[in-house]
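These numbers come from a predicted model, not from an experiment.
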Amino acid sequence: MDYYSIWEGNRSVKEVIMTREERQKEASDSFVGNEKSIIIAAPRFGKIKTTIDILRRLMPERVLVVYPRVDIQKGWDDDVKKWGWEGER
């Protein structure tokens, strides 16, 4: 579990304790609920898994994944196998 601060403007309004899974679900819910969204998250947050969860909910016809390094491709390949996304490759 991690401490997580909720911010409004430039001040923290609430501190909560959340698991990584709870933070991922919150990010997924926020993304799906807003047509103009971006996820900015720290390393080890689970951005690939969160994206797979979003794709499951949105069910797009096609997805383009762009990554700057080959090791990130391996992360995608590993997580797609682990979490079972069956989208077009």
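- Ion pairing between K74 and D77 fails under the 4.0 Å rule for side-chain N and carboxylate O.
- Both I39 and L58 are part of a single hydrophobic cluster, where members link through side-chain heavy atoms under 4.5 Å apart.
- From I54, atom CD1 reaches atom NZ of K47 across 12.5 Å, with rounding to the nearest 0.5 Å.
- No side-chain donor-acceptor contact under 3.5 Å links S28 to the backbone of Q24.
- The CZ atom of R23 sits 9.5 Å away from the OG1 atom of T50 when rounded to the nearest 0.5 Å.
- Classification of D78 and K82 as a salt-bridged pair fails, no side-chain N sitting under 4.0 Å from a carboxylate O.
- Using a 4.5 Å heavy-atom cutoff, the side chains of W83 and I48 are not in contact.
- By the 4.5 Å heavy-atom criterion applied to side chains, L55 and M59 are not counted as neighbours.
- Looking at E26 and D29, their side chains never come closer than 4.5 Å, going by heavy atoms from C-beta outward.
- Looking at heavy atoms from C-beta onward, Q73 lies in side-chain contact with V70 at the 4.5 angstrom threshold.
- Within the 4.5 Å cutoff, no side-chain heavy atoms of F31 are placed close to those of R57.
- Taken together through direct or relayed side-chain contacts under 4.5 Å among Ile, Leu, Val, Met, Phe, Trp and Tyr, V63 and W76 form part of one hydrophobic cluster.
- Here the closest heavy-atom approach between residue E22 and residue T19 is recorded as OE1-N, 2.8 Å.
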